[in-house]
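To start, the structure under review is shown below, and the notes come after it.
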Protein chains: 2
Amino acid sequence: MTANKSRAGGSAVRMLDVANAAGVSLMTVSRALRQPDKLSEETRRLVLDTIHKIGYVPNHIAANLASNRSNVVGQIVPSIQNSLYSNTVQGTADILRQSGLHLLLADSGYSLQEEEALIGAFLAQRVCGLLLHNTQHTPRAVEMIRRAGVPVIETGDLARNPLDMAVSYSNANAARAMTLHLAGRGYRRIGFVSLSPRTNLRSRERLKGYHSALASLDRPRDPALVAAVESGFGAGAQAMLDMIERAPDVDAIFFAGDVFAIGALFEAQRRGWKVPERIAIAGFDDLDILQHTVPRLTCLKLPRLEIGRRAAELLLQRLEGRHDTPQRVDLGFEIIQREST
Amino acid sequence: MTANKSRAGGSAVRMLDVANAAGVSLMTVSRALRQPDKLSEETRRLVLDTIHKIGYVPNHIAANLASNRSNVVGQIVPSIQNSLYSNTVQGTADILRQSGLHLLLADSGYSLQEEEALIGAFLAQRVCGLLLHNTQHTPRAVEMIRRAGVPVIETGDLARNPLDMAVSYSNANAARAMTLHLAGRGYRRIGFVSLSPRTNLRSRERLKGYHSALASLDRPRDPALVAAVESGFGAGAQAMLDMIERAPDVDAIFFAGDVFAIGALFEAQRRGWKVPERIAIAGFDDLDILQHTVPRLTCLKLPRLEIGRRAAELLLQRLEGRHDTPQRVDLGFEIIQREST
DNA sequence: CTGTTAGCGCGTTCAA
DNA sequence: TTGAACGCGCTAACAG
């Protein structure tokens, strides 16, 4: 990672130029911008007019250095283009913007190593806070964050022991609740499909929740009813076909990730299978599209946008010096029962 | 927009501390980081080891100030959570990351005023380049950019006169091509549905393309066959129903935006209408899902990710001092013919 | 209410 | 190959 830096804009107008042009001292200009009420109406107007006239653009980077502050927050998500994460990013951006903070965004590509590198880079940019979707980090990453002393909020799962703070829902509880919901609707052989629990902590938690529900129901675990697949519509379809072949009596499948449920539903349509009569289908996230399919899909509704917002709000509170902020904020989830189950 | 700044991390370790600990001068540490080959193997190792040992994190913000450079690029999109734009952002992030540049991301909420404010804020952060999805800007925004002298790339449409550079496809050409394609497949009464052309430049261009195709075909414009709607699946469905009522002989609808086509298809399924026999449906962007619906949807495929990548690459070239960069890069589009038309 | 002084943590430029 | 002086553009702390 070579620091391929580059010439910044040639905006040669400095605060001092404004001061000279207005016939005041540099500090007066600085105050006109940051503490307008500490200047006389007259001086303030003079300065602001001059700023406007000569087109001065403040240099926040110099301001940050001088004041040892920062107005940039770093956020790292597994993937920028995954709509689930971009919902969270949107929530974060909305809140930060209202407070004049900026968002430095990067994606780790689901890699811990990459996340570590990004954390180092963001810390070098002197971000005033970190928003991490991951709840798992390399030891070096943890050490860097600890030393930097910046507030951190983890949003991917409601970790038992957050690095600092966590704003999320419980993946395990959500998966457990949906499994119990399906059982409650009479399904006896409930399958579970997710991304690989080996590489994905969130999938692991969801699988735990599924197993926990089975235990509560006094039902045995059946490997034929569990599948780990790669991402994508096609993967959901294939997982359904495979599972039905392995366990022909499966009567419902809970797709705990991504767009699997939609892929499976379309495959069922293609084969003329009735949903939920032939096979019931439930999804994880309440993507807009799920309420427009035929039949509409039962799923969990997770507060993705709200997570981004609350995380940002919590960060703001900490930045304002409050130390009574909660360590864990559980934003919960909702089961949306529709025609597919 | 009050600058709600906040204490940065307390990482008190400065370059000078590293120098003292290693028994060298500050400059030697600086060089070990930026020009390793200008130091003796021995000194370099000593310094790097010391850095690692005491956990020094470089302060890029101070570095930027001292060198009058920046390693941050600003990108403004209409909406962060819209998957079309997040694809572009992903492409940008991929490329920037390889060069050690960072991405400051914000969304304008489709507002020119907001875009102007963001441009000002980004310029104050001394970004080394700007990536704007919009191709329309307030005069003040244009003036600020001009004065700052930073390279700018517009990605939303292939503007005739870019501010600086444009990397995109032509909305007008794409819409024209699809309309002609539908006519070529025998459809005689082709409807057009988009976001409002009055408020959205891209929709305006697409409508132009549609009209241009009609003119080439010697067909009259028929207001009954044109609709402007709000965003969303439901809007697409409703637009289809309304249009069929207004013009019962419409045999194909080209949905030039968002997720309208999917909403319309689902509505058709719900009513048991055969697609494309009863009504043919074509979409604009090739969202993954379009190739999984039943029937699969004909659409335009636009190089969203590639636009982000190429824009970033072009920016990098300019930052490296090249001035032979093209002013307009047309990344084209593709018509994907599937079963829905 | 306004100005002065002294840095923030680095890179640049020169000299050694 | 290494180092010393100076300044980037701004803010903090104090003085008036």
Side-chain angles (χ1 to χ4, degrees), chain A residues 3-48 50-51 54 56-71 123-126 128 148, chain B residues 3 5-47 50-51 54 56-71 123-126 128 148:
Chain A
N4 189 340
K5 300 183 171 189
S6 324
R7 298 248 115 230
S11 172
V13 184
R14 296 154 304 159
M15 196 177 268
L16 185 60
D17 300 322
V18 178
N20 291 151
V24 298
S25 82
L26 189 152
M27 270 316 296
T28 302
V29 180
S30 176
R31 288 195 181 104
L33 256 17
R34 297 178 302 122
Q35 318 166 31
D37 43 322
K38 290 204 169 183
L39 294 183
S40 71
E41 166 74 21
E42 193 184 14
T43 315
R44 205 188 54 208
R45 287 197 55 85
L46 168 65
V47 173
L48 293 180
T50 311
I51 285 177
I54 68 181
Y56 167 67
V57 176
N59 187 334
H60 278 176
I61 175 167
N64 288 349
L65 180 60
S67 62
N68 187 33
R69 299 160 193 262
S70 160
N71 58 158
L123 256 20
Q125 291 293 327
R126 291 302 186 266
C128 61
Chain B
K5 299 181 170 191
S6 326
R7 299 245 116 230
S11 172
V13 183
R14 295 153 306 159
M15 195 177 270
L16 185 60
D17 301 321
V18 177
N20 291 150
V24 298
S25 82
L26 187 152
M27 270 318 298
T28 302
V29 179
S30 176
R31 289 194 180 104
L33 256 17
R34 297 178 303 120
Q35 319 166 28
D37 43 322
K38 288 203 170 184
L39 294 184
S40 69
E41 167 74 21
E42 195 183 12
T43 315
R44 204 188 55 208
R45 287 198 56 85
L46 168 65
V47 173
T50 310
I51 286 178
I54 69 181
Y56 167 66
V57 176
N59 188 334
H60 278 176
I61 173 168
N64 289 348
L65 180 61
S67 63
N68 188 33
R69 298 159 193 265
S70 160
N71 57 158
L123 256 21
Q125 291 293 327
R126 291 302 187 268
C128 62

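Just so it is clear: chains get the letters A, B, ... in the order the sequence lines come, proteins before strands, and each one is counted from 1. Keep in mind that the numbers below use all heavy atoms, side chains included, and drop hydrogens, waters and symmetry copies.
Within the structure, a side-chain polar atom (N or O) of A:Ser30 is placed less than 4.0 Å from OP1 or OP2 of D:dT11. Put simply, A:Arg14 has no side-chain N or O that comes within less than 4.0 Å of OP1 or OP2 on D:dG7. Distances shown here put a side-chain N or O of B:Thr43 below 4.0 Å from the OP1 or OP2 atom of D:dT2. An OP1 or OP2 oxygen of C:dG9 is reached within less than 4.0 angstrom by no side-chain nitrogen or oxygen of B:Tyr56. Dashed line: the shortest gap from a side-chain N or O of A:Ser40 to OP1 or OP2 of C:dT2 is under 4.0 Å. Under 4.0 angstrom from either OP1 or OP2 of C:dC1 there lies no side-chain N or O belonging to A:Thr28. The phosphate of C:dG3 (OP1 or OP2) has a side-chain N or O of A:Ser25 nearer than 4.0 angstrom. For A:Ser67 and D:dC10, the shortest distance from a side-chain N or O to OP1 or OP2 is not below 4.0 Å.
Nearest nucleotide to the side chain of A:Arg34, out of D:dA12, C:dG9, C:dG11: D:dA12.
Atom CD of A:Glu42 is surrounded by 12 or fewer heavy atoms from other residues, nucleotides or ligands within 6.0 Å.
Residue contacts shown for A:Leu39 are limited to sugar-phosphate atoms, with no base heavy atom under 4.0 Å away. Looking at heavy-atom distances under 4.0 Å, B:Met27 makes contact with a base.
Atom-to-atom, NZ of B:Lys38 to P of C:dT12 comes out at 10 Å; the value is rounded to the nearest Å. Between the P atom of D:dC8 and the CZ atom of B:Arg126 lies a distance of 14 Å, rounded to the nearest Å. The separation between B:Ile61 atom CD1 and C:dG11 atom P is 13 Å, rounded to whole Å. Whole-Å rounding puts the A:Asn59 CG to D:dG7 P distance at 18 Å. The distance from atom CG of B:Asn64 to atom P of D:dC10 is 15 Å, rounded to the nearest whole Å. Regarding B:Asn71, its CG atom lies at a distance of 14 Å from the P atom of C:dC10, rounded to whole Å. In this structure, the CD atom of A:Gln35 is 9 Å from the P atom of D:dT11, given to the nearest Å. Per the geometry, CG belonging to B:Asn68 stands 16 Å off P belonging to D:dG7, to the nearest Å.
Side chain A:Arg31 to base C:dG3: a donor-acceptor pair is found below 3.5 Å.
In terms of position along DNA chain D, the nucleotide closest to B:Leu26 lies nearer the 5' end than the nucleotide closest to the other residue of the pair A:Ala66 and B:Leu26.
Panel note: side chain A:Asn20, backbone A:Asp17; no donor-acceptor pair is recorded below 3.5 Å. Formation of a donor-acceptor pair under 3.5 Å by the B:Ser70 side chain with backbone atoms of B:Arg126 is found in this model.
Separation of atoms NE2 (A:His60) and CG (B:Leu123) is listed at 11.0 Å; rounding is to 0.5 Å.
Contact record, A:Leu33 with A:Tyr56: CD2-CE2, 3.9 Å, taken as the closest heavy-atom pair.
Screening A:Asn64, A:Leu65, A:Ile61 for a side-chain contact (heavy atoms from CB on, under 4.5 Å) involving B:Asn64 leaves a single residue, A:Ile61.
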